[in-house]
Amino acid sequence: MITPLRIAIQKSGRLQEDSLKLLKESGLHFSNGKDQLKTQARNFPIELLFLRDDDIPQYVEDQVADAGIVGENVLIEKQKKNELVKRLDFAKCRLSIAVPRSENYTGISYLQGKNIATSYPVIVQQFLDKHGIQAGIHEISGSVEIAPGIGLADAICDIVSTGSTLLSNGLKEVETVIQSEAVLIATPNLPSDKKQILDKLIFRINAVQSAKNNKYILLNCPNEAIEKITSVIPGMKSPTIMPLSRTGWSSLHSVVDENDFWEKIDLLKSFGAEGILVIPIEKMIA
Ligand code: PRT
Ligand code: ZN
C-alpha cells in the first residue's frame with residue numbers, strides 16, 4: 001500500500017476555502033465534514049490534516065505533516081526547516097508598518113526609539129536590522145491595530161489587504177515590510193515515494209494555474225490576416241486554422257494570456273478579426 005502524502009491546511013480562516021478549492025480543482029476528491037481533524041482523498045494518495053496556520057510550519061519541520069499550505073508571512077516568521085515549494089496565487093496581502101494618521105512621518109528614521117506592536121516580531125526585527133533602526137517590539141497576538149490608540153505602542157506592523165482596517169483605526173500605512181501570498185511548503189528531503197506524490201500534485205497545480213491565467217480564443221478572419229493574427233496570438237504551438245464556408249475566410253483558435261487580453265483584442269480587430277469568442281480554460285498542460 002502507498003503511504004499517503006500528508007498535507008496540513010488551515011482548519012478555519014482566510015486560507016481554508018481557497019486551499020480546499022485548489023486541491024479540488026487539482027482533481028482530489030475528499031469529504032470535508034465540519035470538525036474533522038483529518039481526511040483522506042478518495043482518488044489520490046493524499047491525506048489532509050486541519051490545523052491552525054501558525055502550527056503548520058512546526059508540524060512540517062517535525063514531519064508529522066509532509067507538506068502544508070500557509071501564508072508566506074507565517075512561513076518567514078516561524079523560521080522552521082520548511083522548503084517553499086510553490087507560490088499559490090491567493091491570500092495576497094502585505095505586512096506593513098502603520099502609524100497614527102496625525103503623525104508627521106518623514107521616513108524610516110521616524111521609527112528610531114519607538115515602540116512597535118506586532119504579531120510578527122521576527123520579521124519586524126529583520127526589517128529594523130536591515131535599516132539599522134533600534135526600536136522596541138511589543139508582541140501581541142491579535143487586535144494589533146488598536147495598540148497606538150490605547151497607548152500601547154507608537155506604531156504597528158500588521159497584515160494589510162484593502163487598508164480599511166488601518167483607516168478605520170486612524171492609522172496610515174508608511175512602510176511595506178514584506179509581500180505575502182499562500183505558499184505550498186514541504187519538509188526538505190522527502191522520501192522518494194512521497195516526493196513523487198508531491199511532484200504529481202505540483203504538476204496538477206501548475207495546470208490549474210496556467211488555465212486561470214489563459215483564455216481560449218476563437219475568431220473569424222480574412223485569410224490574408226492569418227499571419228498577422230498568428231504573430232499576436234501564437235497559442236501553445238500555433239493556432240488551429242479551419243476554413244469557413246465563406247470563401248476567403250477562416251476560423252482561428254488559439255490561447256491568450258489573461259493579462260494582455262484587452263490590448264490584444266484591439267489589435268486583432270484592427271487586423272480584421274470578427275466574431276471573437278473568449279472561453280475559460282479548465283486545465284492547461286503545455
Ligand atoms: O486560526 P488561525 O491561527 O489558523 O488563523 P489566523 O486568524 O491566524 O489567520 P487568518 O485566517 O486571519 O489569516 C490567514 C492568512 O491569510 C494570513 O497569515 C495571511 O497570510 C493571509 N491574509 C490575507 C490575511 C489577510 N489577507 C488579512 N486581511 N490575514 C489577515 N488579514 C487581516 C489583518 O490581520 C487585519 O486585521 O485583515 C485585516 C486587514 O485587512 P484590510 O482588508 O482591512 O486591510
Ligand atoms: Zn494563526
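Just so it is clear, the values below take in all heavy atoms, side chains as well, and ignore hydrogens, waters and symmetry mates. In listed order, ligands and their atoms are each counted from 1.
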### Pair D66 + R6, salt bridge at N-O below 4.0 Å
no

### Query
So is there a nitrogen or oxygen of R14 less than 3.5 Å from a nitrogen or oxygen in ligand 1?
yes

### Message
If the cut-off is 4.0 Å to any non-hydrogen atom of R52, which atoms of ligand 1 fall inside it?
### Response
1 (O), 2 (P), 3 (O), 4 (O)

### Query
For ligand 1, which atoms, with element, lie under 4.0 Å from some heavy atom of G163?
41 (P), 42 (O), 44 (O)

### Query
Does a sphere of radius 6.0 Å around NZ in K228 hold more than 12 heavy atoms from other residues, nucleotides or ligands, not counting ones at 6.0 Å or beyond?
no

### ligand 1 to G13 polar contact by distance, N or O atoms, under 3.5 Å
no

### Any donor-acceptor N or O pair under 3.5 Å, side chains K195, N189
no

#### Entry: Atoms in ligand 1 with a heavy atom of A91 nearer than 4.0 Å
23 (C)

### Task
Give the atoms of ligand 1, by number and element, whose distance to some non-hydrogen atom of V74 is under 4.0 Å.
18 (O)

### Query
If we ignore angles and hydrogens, is there a donor and acceptor under 3.5 Å between the side chains of K86 and Q209?
yes

### Query
Who's the nearest protein heavy-atom neighbour of atom 15 (C) of ligand 1, and how far?
L15 CG, 3.8 Å

### Query
Where on V144 is there a heavy atom closer than 4.0 Å to ligand 1, on the side chain, on the backbone, on both, or on neither?
neither

### Message
Please list, in number order, the atoms of ligand 1 under 4.0 Å from a heavy atom of T165.
### Response
38 (C), 39 (C), 40 (O), 41 (P), 43 (O)

### Message
I'd like to know if atom 7 (O) of ligand 1 has any protein heavy atom within a distance of less than 4.0 Å.
### Response
no

### Query
Which residue, Q125, Q126, H131, forms the side-chain hydrogen bond (donor to acceptor under 3.5 Å, both in side chains) with D129?
Q125

#### Entry: Residue selection (non-hydrogen contact nearest atom 36 (O) of ligand 1) among V160, L51, D158
D158

### Task
Give the residue and atom name of whichever protein heavy atom lies nearest to atom 21 (C) of ligand 1, and the separation in Å to one decimal.
C93 SG, 4.0 Å

### atom 20 (O) of ligand 1 - nearest protein heavy atom and its distance
N73 OD1, 2.6 Å

### Atom name in D54, limited to N/O/S, at shortest distance from the Zn ion (ligand 2)
OD1

#### Entry: D54: numbered ligand 1 atoms lying under 4.0 Å from its heavy atoms
3 (O), 8 (O)

### Task
Look only at the side chain of Q79 and the backbone of I76, and say whether a donor-acceptor pair between them is shorter than 3.5 Å.
yes

### Message
Please tell me whether Y105 and E175 have a donor and an acceptor in their side chains that are separated by less than 3.5 angstrom.
### Response
yes

### Message
Using a plain distance cutoff, I'd like to know if K92 has any nitrogen or oxygen under 3.5 Å from a nitrogen or oxygen of ligand 1.
### Response
no

### Task
Give me the one residue out of L22, L20, D53, L49 that meets side-chain contact (heavy atoms from CB on, under 4.5 Å) with I9.
L20

### Query
Which residue holds the protein heavy atom closest to atom 5 (O) of ligand 1, what is that atom called, and what is the gap in Å?
Q10 NE2, 2.9 Å

### Message
Only N/O/S atoms count here: what is the atom of D53 closest to the Zn ion (ligand 2) called?
### Response
OD1

### Query
Hey, are E72 and R87 close enough for a salt bridge, meaning a charged N less than 4.0 Å from a carboxylate O?
yes

### Task
Under the salt bridge (charged side-chain N to carboxylate O under 4.0 Å, His left out) rule, what do K212 and E25 come out as? Steps first, then yes or no, please.
CA-CA 11 Å; K212 279 204 179 102; E25 285 170 346; 2.9 Å; yes

#### Entry: Cation-pi check, K114 onto Y110 ring (under 6.0 Å, within 45° of axis)
yes

### Query
Which atoms of ligand 1 have any heavy atom of G71 under 4.0 Å away?
20 (O)

#### Entry: Q112 atom CD, neighbour heavy-atom count above 12 within 6.0 Å
yes

### Query
Applying a 4.0 Å heavy-atom criterion (strictly less than), which segment of S161 is in contact with ligand 1: side chain, backbone, both, or neither?
both

### Under-4.0 Å salt bridge between R94 and E173
yes

### side-chain contact (heavy atoms from CB on, under 4.5 Å) evaluation trace for F203 with I285
CA-CA 9 Å; F203 176 83; I285 294 136; 3.7 Å; yes

### Query
Heavy atom under 4.0 Å from ligand 1: found in D53's side chain, backbone, both, or neither?
both

### Where ligand 1 meets T162 - atom numbers and elements under 4.0 angstrom, heavy-atom basis
41 (P), 42 (O), 43 (O), 44 (O)

### Query
Got the closest protein heavy atom to atom 33 (C) of ligand 1, with its distance?
I159 O, 3.4 Å

